[in-house]
2 protein chains.
Amino acid sequence: MGASKSDSFSLEQNEMATLFKALSHPARIAIVDYLLTVDSCICGDIVNELPLAQPTISQHLKELKNANIIKGTIEGTAICYCINPDTIDKIENHFGMIRHKLKNKCC
Amino acid sequence: MGASKSDSFSLEQNEMATLFKALSHPARIAIVDYLLTVDSCICGDIVNELPLAQPTISQHLKELKNANIIKGTIEGTAICYCINPDTIDKIENHFGMIRHKLKNKCC
DNA sequence: TTTGTTTATCGTAATATTGCAATATAATAA
DNA sequence: TTATTATATTGCAATATTACGATAAACAAA
């Protein structure tokens, strides 16, 4: 056995878990951080920035892309990766909901 | 090889990744959701609420507790688990930072 | 065409996560 | 004391993730 009984949970719960899983590795946090420091971005820059091999970074980028946290537009030979603000909105809204429900709570 | 080169990343990056990892499973999202719907809470309730066995839920609660997302206070035989608002703050602040840096960005 | 540059994919070894039965622990009740 | 109740821990099988060398694919430049 092992791993994910995702059928048993709501679509919303699975969606949020997928978003958080995409952010659950320091390399992917670092990629998001880095994308926020530059105006446009190509993958090669990230390879130089992080202590990981190119295939590993490509894989992390793919996971971030699958989760819609970043989006990439082809630009000649390179690819311009950027944060997707809509997904950031979605996560912020989730915590807005939590914050709202946390009012009038005990403990 | 495989898995986590966490030494290579900043403390902040590792901390955020740890928080997101704790939220990266639908069962743990469901536990947080459930804790938000009740005023106080014991683990037994959660076992009845979710389609998972008691040891599995105990394990998920442990991970949420380790990440400081929930805190438990002993209450007789049972344990009262609650959301830790400080950690919710921390995550919200992180996205506040992202939101701030996202202004004047391209793509 | 050939060469170089950039990114993706494949294959695979090392490691981590998930789920649960069985069992243990801790506290209360009888 | 002996249940009973609530939660935690152990051990293990199934599965997922991570990292990277090797290689492929796509495209531009020479």
Side-chain angles (χ1 to χ4, degrees), chain A residues 1-9 13-14 17-31 34-35 38 40-67 70-82, chain B residues 1-9 13-14 17-31 34-35 38 40-67 70-82:
Chain A
M1 251 137 272
S4 80
K5 266 195 164 183
S6 59
D7 298 352
S8 316
F9 300 99
Q13 285 165 345
N14 279 300
T18 298
L19 286 181
F20 291 131
K21 182 179 284 182
L23 294 170
S24 73
H25 192 286
R28 295 196 288 271
I29 298 285
I31 288 173
Y34 181 63
L35 286 179
V38 290
S40 82
C41 180
I42 56 170
C43 178
D45 284 351
I46 303 176
V47 172
N48 293 332
E49 200 71 16
L50 300 189
L52 293 170
Q54 180 268 325
T56 307
I57 289 178
S58 185
Q59 202 173 258
H60 283 308
L61 285 168
K62 189 180 181 182
E63 283 175 65
L64 287 170
K65 206 165 42 177
N66 285 344
I70 65 175
K71 46 187 177 180
T73 40
I74 296 167
E75 206 161 279
T77 320
I79 295 187
C80 171
Y81 280 114
C82 296
Chain B
M1 252 139 274
S4 80
K5 267 195 166 183
S6 58
D7 298 351
S8 316
F9 301 99
Q13 285 165 345
N14 278 299
T18 299
L19 285 181
F20 292 133
K21 182 180 285 182
L23 294 171
S24 73
H25 192 286
R28 295 195 288 270
I29 298 286
I31 288 172
Y34 181 62
L35 286 179
V38 291
S40 82
C41 180
I42 55 171
C43 178
D45 285 351
I46 302 176
V47 171
N48 294 332
E49 199 71 14
L50 299 188
L52 294 171
Q54 180 267 325
T56 307
I57 289 179
S58 183
Q59 200 172 261
H60 283 308
L61 285 168
K62 189 181 183 182
E63 283 175 67
L64 288 170
K65 206 165 43 178
N66 285 343
I70 65 175
K71 46 187 176 181
T73 40
I74 296 167
E75 206 162 276
T77 319
I79 295 188
C80 172
Y81 278 115
C82 296

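Computation of the quantities below employed the complete heavy-atom set of this structure, encompassing side-chain atoms and omitting hydrogens, waters and symmetry-equivalent molecules. Quick note on labels: first sequence line is chain A, next is B, and so on, each numbered from 1.
Distance CD1 (A/Ile57) to P (D/dT18): 14 Å, rounded to an integer number of Å. The CG-C1' distance, from A/Leu61 to D/dT18, rounds to 15 Å in whole Å. If you take CD of B/Glu63 and P of C/dA16, they are 13 Å apart, rounded to a whole angstrom. As a whole-Å value, the separation of B/Leu64 CG from D/dA8 C1' is 15 Å. Distance NE2 (B/His25) to C1' (C/dA16): 13 Å, rounded to an integer number of Å. Between the P atom of C/dT9 and the CG atom of A/Asn66 lies a distance of 10 Å, rounded to the nearest Å. In this structure, CG of A/Leu50 is placed 13 Å from P of C/dT7, rounded to the nearest angstrom.
Note on B/Lys62: a side-chain N or O is less than 4.0 Å away from OP1 or OP2 of D/dT9. For the OP1/OP2 pair of D/dT17 and a distance below 4.0 Å, the side-chain nitrogens and oxygens of A/His60 include no atom meeting the criterion. For the pair A/Tyr81 and C/dT6, the criterion of a side-chain N or O lying under 4.0 Å from OP1 or OP2 is not met.
Shortest non-hydrogen contact noted between A/Ala22 and A/Leu64 is O-CD2, 3.7 Å. Across every non-hydrogen atom of A/Phe20 and B/Leu23, the tightest pair is CD1-O, 3.4 Å. The two atoms that bring A/Val47 and A/Ile57 nearest to each other are CA-CD1, 3.5 Å, heavy atoms only. Taking both residues in full, the closest heavy atoms of B/Gly72 and B/Lys65 are given as N-CD, 4.4 Å, listed atom of the first, atom of the second, then distance.
Looking only at distances, a side-chain donor or acceptor of B/Ser24 sits under 3.5 Å from a matching main-chain atom of B/Lys21.
Of the candidates D/dA19, D/dT9, C/dT7, the closest approach to any side-chain atom of A/Ile42 belongs to C/dT7. With D/dA19, D/dT7, C/dA8 as the candidates, the nucleotide lying closest to the side chain of A/Ile79 is C/dA8. Side-chain proximity of A/Lys21 to the nucleotides C/dT18, C/dT7, D/dT17 is greatest for D/dT17. Comparing C/dG19, C/dA8, D/dC20 by their closest approach to the side chain of A/Lys65 singles out C/dA8. Among the nucleotides C/dC20, D/dT7, C/dA8, the one closest to the side chain of B/Leu52 is C/dC20.
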* Chi angles and distances behind the side chain to side chain contact (heavy atoms under 4.5 Å, CB included) call for A/Leu50, A/Tyr34 -> CA-CA 9 Å; A/Leu50 300 189; A/Tyr34 181 63; 5.9 Å; no
* Structure fact -> Contact string for nucleotides 21-30 of chain C, one letter per nucleotide 5' to 3', B = base within protein heavy-atom range under 4.0 Å, S = sugar-phosphate only, - = neither, reads BB-----S--
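Between B/His25 and A/Phe9, the two ring planes are perpendicular [angle over 60°; tilted spans 30° to 60°].
DNA chain C is contacted by both B/Arg28 and A/Gln59; A/Gln59 maps to the nucleotide lying nearer its 5′ end (nearest heavy atom per residue).
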